[in-house]
Amino acid sequence: MKNPRNKSSVFSQEASKRFRKGTLYDHIKCQKHQDAKSSEVLNRVSVFQKEIEHKESVNHEILYQVFYSFFFLAKESIANCKIVQFLKFIEHIGLNDLKYFTHRSVQSRRDLLLTLSDTVQNNLLEKLHSATSYGLLIDDMSDVATIEQMICYVQYVDPDSNEVNTDFLFICNLLENSDSANSQTLFAVLCMKLKDLQMDVKKISGLCTDGASVMVAVWEELVPVVQTLSAISESDATAYGLLKRMNCTIFVGIVYILKEILPVLARVSKIFQRGYFNFSSIQPTLECAQGELQHISDNLTPIKNLEKDIHSDGRLGLLALELKDGTKTNLQHTLENYVQSLIDNISKRFPDVAILSALGIFNPVIIPDKKSTEFMNYGASSIKTIFAHFYSNDEDITIDECLAEWNLLKYHLIKMKPNIPSQCELDSQLRTSTEWCLRQIVLKRQEYKHVCPHLSNIAEIVLTVPVSNAWPERGCSKVKIIKTDLRNRLKNDVLNGLMMISINGPQTCSHECDKVVNDSVKLWLGEKNRRKLPSKNKGQVEMEMNKPSAHATPIDNVQIQLPTVHNEKPDNNSELEPNPNAYDDPELNEREIEKTLLQLKIVRSLI
């Protein structure tokens, strides 16, 4: 009966003294009566139904536990084939509900792993799409299966934390659609991947690649190498061919030229390998390298050292080499042409030295004092260079606006000067005063975007310019950890997913990791109906709560529909027609049989 005040329904304490047939029929149709019947059945006989409902109630929790287990294995670079035994172990020590997880086939495990990696990648792409600019760092390697791989990292400013991050972006097979891993292939694959990831190429602030490493160890061990080749040349054709090429004055002269020139180039390379640099020192460093190269060419240093060493009492006296005039002239021309090509190449590789030097004005240490006569005009020429590089094609921005922003920003930079860490050079996060200043501008973006929006935008672009290629080298090391001799058949999509989780995934047992796993479960459930069972046939067991039939056996108010035998042949559109794809999977077939047996047990128990 219902309370007339609050309309609440309660059971009556006294038996009804009036009987209305219509009221009884209305009550039979209500949801409460249906729930009461189901509850009565469960309380009487159906322990199997309780198990089915319990399985459905813990479905989301089970998926969460399984996804977290997958994430842990991928994060720790453990083979994903261990997941089945790992789940059995977890189930054995207490998580009994894991027995309800049936997606344990190879394809299901692969889909689950890719769902996790897609979640991590989508979080990264969301940040990249919101970023003002980003830089790319790429390198190539040959993995354990001799597949030529290209690894790409991305450097950007996180729009949430305003921190500069460098994350793994992708790895792909260079020879999948090409015969050679040349520069054209690298460029084509990079453009294709950026298009697939829907990344705007106009936001690229810089591209960092790795050059070939060159060693001239043969200069130090030339005599023993030649003597060894000479000893085995009679029995080894390869040794004979190498000896014929190496034991000549031209070859030794080229080695001496490289020995003098490569250290100069190595000093320039080490400056950029540190991962940071002082903008104001770039142009002097390059000019110094070009000057040293020209000095080597003018003084013929390698050839003079060669003439000294090939004498009988020199370090190459045992080789009995002779430097003829024609050979000497040939080496001189080679040295001059090589040095001139290097000087021209440095100029071509750094065409924007002026803009890099102009960015040195963001260093608060070198800004003159406010009382100095140089303060008012300081940085004006650099601002013009910066404007010509970044905003020359933008009609909405004028040079006067940039100069006005700089005149105001100078006072902010002077205010920052006392706060610069005294040992920022030793700090991995604050390496130079210029970088520290740019980070402060980006961290306080909300404040500076109103004061100097254009220059604060440039500060973010500069911070995303990659300098060191150490990150892709770390990626190559991670590939060797994941794709080993025992896992050399890993497909590239799985390898990409494992690296995405291992490198970019948050630490386990953290709030960020919980969010990634939850999002992955939602993505998994929302993509498609996995392992969908075939629709019921008329010959299947059905439990009908309201429809009586000739074969129904009454148990109080519960009606059980027994199976009905159909002898007639169904037509083409009949529901008896089974789904042709329903039993392709043995695991799905087994689950269908188990469900049918469970229904038969329920019917038998009720009867």
Side-chain angles (χ1 to χ4, degrees), residues 121 123-140 150-172 183 186-187 189-211 269 271-279 282 349-360 362 386 389-391 428-432 434-443 445 454-476 478 499-500 503-504:
Q121 185 183 65
N123 293 338
L124 172 62
L125 293 178
E126 183 179 354
K127 296 178 180 179
L128 291 176
H129 294 159
S130 303
T132 303
S133 61
Y134 61 88
L136 297 176
L137 305 89
I138 63 174
D139 196 4
D140 66 317
M150 182 173 74
I151 302 177
C152 181
Y153 276 69
V154 60
Q155 184 170 319
Y156 65 100
V157 175
D158 191 333
D160 298 329
S161 62
N162 292 330
E163 292 287 344
V164 181
N165 295 337
T166 304
D167 291 331
F168 170 78
L169 188 59
F170 65 83
I171 181 172
C172 61
S183 58
L186 290 170
F187 178 75
V189 171
L190 181 60
C191 293
M192 179 190 67
K193 294 297 294 185
L194 293 179
K195 183 179 180 180
D196 293 341
L197 298 175
Q198 298 180 357
M199 297 176 61
D200 188 0
V201 295
K202 295 181 180 179
K203 292 184 177 181
I204 298 178
S205 60
L207 176 66
C208 186
T209 59
D210 189 17
S269 177
I271 294 177
F272 294 95
Q273 289 177 0
R274 296 174 185 173
Y276 64 93
F277 49 80
N278 191 340
F279 292 106
I282 295 178
R349 278 181 172 268
F350 298 92
D352 301 324
V353 174
I355 181 62
L356 294 176
S357 301
L359 294 173
F362 288 101
I386 294 174
H389 184 82
F390 289 101
Y391 299 121
S428 60
Q429 298 296 328
L430 305 171
R431 294 161 177 167
T432 65
T434 305
E435 186 174 353
W436 178 87
C437 173
L438 293 173
R439 286 177 179 266
Q440 295 302 310
I441 295 175
V442 173
L443 286 173
R445 183 187 308 179
H454 306 317
L455 294 184
S456 61
N457 186 36
I458 291 175
E460 180 176 349
I461 294 175
V462 173
L463 285 177
T464 59
V465 174
V467 179
S468 172
N469 211 40
W471 285 100
E473 296 292 346
R474 298 187 183 105
C476 296
K478 180 62 69 174
M499 293 190 63
M500 182 65 66
I503 299 174
N504 295 348

### Task
Kindly determine whether Tyr153 and Leu136 satisfy side chain to side chain contact (heavy atoms under 4.5 Å, CB included), including the steps that lead there.
CA-CA 6 Å; Tyr153 276 69; Leu136 297 176; over 6 Å; no

Contact check, side chains of [X] and [Y], non-hydrogen atoms, under 4.5 Å:
{"X": "Leu359", "Y": "Thr434", "answer": "no"}
{"X": "Phe390", "Y": "Asn457", "answer": "no"}
{"X": "Lys478", "Y": "Phe168", "answer": "no"}
{"X": "Asp167", "Y": "Lys127", "answer": "no"}
{"X": "Val157", "Y": "Arg445", "answer": "yes"}
{"X": "Leu463", "Y": "Glu435", "answer": "yes"}
{"X": "Val465", "Y": "Gln155", "answer": "no"}
{"X": "Leu197", "Y": "Leu169", "answer": "yes"}

### Task
Show your working on side chain to side chain contact (heavy atoms under 4.5 Å, CB included) between Leu186 and Met150 and close with a plain yes or no.
CA-CA 8 Å; Leu186 290 170; Met150 182 173 74; 3.6 Å; yes

Give me the atom names and distance for the closest heavy-atom approach of [X] to [Y].
{"X": "Ala459", "Y": "Ile441", "value": "CB-CG2, 4.1 Å"}
{"X": "Phe362", "Y": "Cys437", "value": "O-SG, 3.2 Å"}
{"X": "Lys203", "Y": "His129", "value": "NZ-O, 3.0 Å"}
{"X": "Ser130", "Y": "Pro159", "value": "CB-CG, 4.0 Å"}

### Message
My understanding is that only residues two or more places apart in sequence, or in another chain, count here; which of them pass side-chain hydrogen bond (donor to acceptor under 3.5 Å, both in side chains) with Ser205?
### Response
Thr464

Nearest 0.5 Å, what's the [atom1]-[atom2] distance between [X] and [Y]?
{"X": "Leu137", "Y": "Cys152", "atom1": "CG", "atom2": "SG", "value": "7.5 Å"}
{"X": "Asp200", "Y": "Ser133", "atom1": "CG", "atom2": "OG", "value": "11.0 Å"}
{"X": "Asp158", "Y": "Asn165", "atom1": "CG", "atom2": "CG", "value": "5.0 Å"}
{"X": "Asp140", "Y": "Ile171", "atom1": "CG", "atom2": "CD1", "value": "10.5 Å"}
{"X": "Ile151", "Y": "Ile503", "atom1": "CD1", "atom2": "CD1", "value": "7.5 Å"}
{"X": "Leu128", "Y": "Asn123", "atom1": "CG", "atom2": "CG", "value": "11.0 Å"}

#### Entry: Row check, Trp436 ring normal vs Arg439 NZ/CZ: under 6.0 Å, within 45°
no

### Query
Does the pair Leu438 and Val442 meet the rule for a side chain to side chain contact (heavy atoms under 4.5 Å, CB included), with working shown?
CA-CA 6 Å; Leu438 293 173; Val442 173; 5.6 Å; no

### All ring-ring contact (aromatic ring centres under 6.0 Å, His included) counterparts of Phe170, not counting sequence neighbours
none

